[in-house]
Amino acid sequence: MNAVTNLALVPIPVARSPLRLLVRVLIGLALIGIFAQALWITDARPGELINGISGMIDILRRATPPAFEKFPSVFRPALETIDIAIVGTVCGVILAIPLAILAAANVTPAKPLYYGARAIIALTRAVPDLVWALLFVTAVGLGPFPGALAQSVHSVGMLGRLFAEVIEDMDMGPVEALSLTGASRTQVFTHAVIPGVLPSLLGISLYRLDENLRNSLVLGFVGAGGLGFQLLTAMNLFQYKTVSLLLIVTFLLVMAMERMSAALRRRVA
Amino acid sequence: MIVVPPMGRTLLDVNDLSMRFASGKVALDGVSLLVRGGEFVTILGSNGSGKSTLLRCVARLLHPTGGEIRVDDRDLTRLNGTALRRARRSVAMIFQHANLVRRRSVLANVATGSLGHHTNVWTSLGMLPDSELNHAQRYLAEVGLAHLAGQRAGTLSGGQAQRVAISRALAQRPKVLLADEPIASLDPHAAEEVMALLRRLATQEGLAVLCVLHQPELAERYSDRVVGIRAGRLAFDLPAAQVSGGQVAGLYNSLAA
């Protein structure tokens with residue numbers, strides 16, 4: 001056995017102090033305490049959940065078999081859901097790119113613009129898309145349009161922040177090198193910044209499209225069209241077989257978009 | 001054996017240059033030197049002695065607090081905005097890392113060196129003029145990498161990437177070429193290649209080359225003159241063959257400072 005192996009077998013003494021043990025116990029108790037208060041505030045009643053299982057089974061029984069004969073009437077709302085996500089994402093990306101440039105500390109032209117862009121991004125991100133949808137339903141009426149508007153505005157915040165982070169984290173070497181050739185600010189941007197960050201921006205945008213599709217279902221519950229609106233209507237009318245059909249279509253749509261988005265992200269990486 | 005041609009006119013004239021940072025640290029204190037067309041001048045000095053600051057001042061990445069930097073008889077220290085951008089076309093710089101756009105082709109990377117000569121809408125939209133792509137092919141051939149024109153820059157080895165960076169500098173059609181530790185991240189073989197290339201370009205293209213190095217033996221072999229900098233001041237400025245080992249040791253020995 002050589003010296004290196006011998007050294008590897010020597011046990012390393014671990015410092016154990018009662019104080020460290022006490023601190024760990026206190027941290028553990030604190031975490032348990034936080035969880036306990038959360039259960040209390042959320043009024044968690046596991047007993048009622050167990051009692052309610054029979055009701056859920058009854059709904060499931062009434063929801064089968066799904067109303068497949070209504071499939072042709074589901075096609076248009078499904079398309080609406082996809083289109084809400086597409087319009088919301090595309091408009092979000094178009095608006096988020098200039099905002100992200102202003103909000104990225106390493107390329108922003110001026111500090112006031114930086115703070116202004118950051119404020120817009122924070123505001124559009126902080127307000128949930130459901131609230132934006134309610135606002136736009138009030139402004140432009142029911143249908144898919146307010147849903148697309150809500151997703152555009154919310155996507156601006158989400159994408160703007162992520163885009164800005166990508167730009168801030170990019171390799172500044174090529175930017176500096178191109179600036180020294182006498183290239184203009186715009187040329188440096190289009191020839192060094194954009195090619196450097198484009199794959200990341202595309203990846204983030206595709207992920208957002210995937211998210212927007214799932215979110216657009218919820219927006220339908222406040223009148224913003226698509227499958228969500230049909231789902232709410234069917235539930236209100238106790239048409240559980242239609243509900244199960246809509247859930248199957250929703251599941252297939254979300255899965256398809258997730259797969260497509262992941263495949264495209266792999267290609268642009 | 002390197003054949004050194006007769007030198008051209010002065011292309012870079014650094015006169016009494018000073019640089020004091022906002023922190024109060026004096027990085028350069030009254031540095032003066034001349035570099036003529038076709039001349040290869042190496043700067044030696046320990047870390048923090050002011051070598052890179054000198055190069056960054058000449059490239060106007062830093063604004064010196066005193067003195068003049070004349071490139072082809074034009075004082076860069078007095079220029080700002082568009083005038084400075086135009087003047088920068090005359091001064092190319094290569095860095096320790098090649099700083100290429102990794103996802104673009106080698107040819108496109110080289111052609112971007114010429115962007116300062118084209119201020120039209122198309123180049124602002126990310127396109128490159130056909131004429132410059134043709135020139136880029138020639139510059140790549142000059143560094144022996146024409147066969148890699150269509151390859152992505154991110155796939156190159158360190159030595160190849162540095163040669164592409166030199167091609168990009170050539171596409172800029174400069175008068176002065178600054179090189180800030182261009183071989184610091186290369187293996188000895190690639191380092192020799194890059195040094196030989198820089199030497200050849202100085203001679204053939206009539207460029208004034210100012211190169212920061214940490215390898216005195218390479219400085220002696222490839223340079224016409226060697227400039228020593230210690231604590232922001234010029235320690236010596238001599239023909240390469242006349243620099244003694246003691247003078248070089250003095251630059252790196254902190255007790256001698």
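Just so it is clear, the model here is predicted, and its values are computed rather than measured. Naming convention: chains lettered A, B, ... in sequence-line order (proteins, then strands); numbering from 1 in each chain.
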- request: Under the side-chain contact (heavy atoms from CB on, under 4.5 Å) rule, what do A:L180 and B:V91 come out as? Steps first, then yes or no, please.
  value: CA-CA 8 Å; A:L180 286 177; B:V91 184; over 6 Å; no

Who in [range] is close to chain B, using a strict under-4.5 Å heavy-atom cut-off?
range: residues 131-155 of chain A; answer: none
range: residues 89-121 of chain A; answer: none
range: residues 183-192 of chain A; answer: A:A183, A:S184, A:T186, A:Q187, A:T190, A:H191, A:A192

- prompt: CG of B:L115 to OG1 of A:T181: how many Å apart, nearest 0.5 Å?
  reply: 5.5 Å

query: Roughly how far, to the nearest 0.5 Å, is CZ of B:R102 from CG of A:D171?
result: 8.5 Å

- prompt: Which bit of B:I94 comes within less than 4.5 Å of chain A, counting heavy atoms only: side chain, backbone, both or neither?
  reply: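 For B:I94, neither part sits under 4.5 Å from chain A.
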
message: Counting only non-hydrogen atoms closer than 4.5 Å, does B:R86 touch chain A with its backbone (N, CA, C, O), its side chain (CB onward), both, or neither?
response: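 When you check distances to chain A, no heavy atom of B:R86 falls under 4.5 Å.
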
Got a sec: does the [atom1] of [X] have more than 12 other heavy atoms crowding it under 6.0 Å?
X: B:D130; atom1: CG; result: no
X: B:R173; atom1: CZ; result: yes
X: A:R259; atom1: CZ; result: no
X: B:R20; atom1: CZ; result: no
X: B:F95; atom1: CZ; result: yes

task: For B:R85 and A:G182, indicate whether the former's side chain and the latter's backbone hold a donor-acceptor pair under 3.5 Å.
output: yes

field: Between B:A87, B:G116, B:A92, the one whose heavy-atom pairs under 4.5 Å with chain A are most numerous
entry: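 With the most close heavy-atom pairs to chain A, the winner is B:G116.
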
message: Can you give me the closest heavy-atom contact between B:V101 and A:P174, atom names plus distance?
response: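 Answer, listing the atom of B:V101 first, then A:P174: CG2-CB, 3.8 Å.
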
query: Which of residues 60-83 of chain B get closer than 4.5 angstrom to chain A, counting heavy atoms alone?
result: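 If one takes a 4.5 Å heavy-atom cut-off, the residues of residues 60-83 of chain B near chain A are B:L61.
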
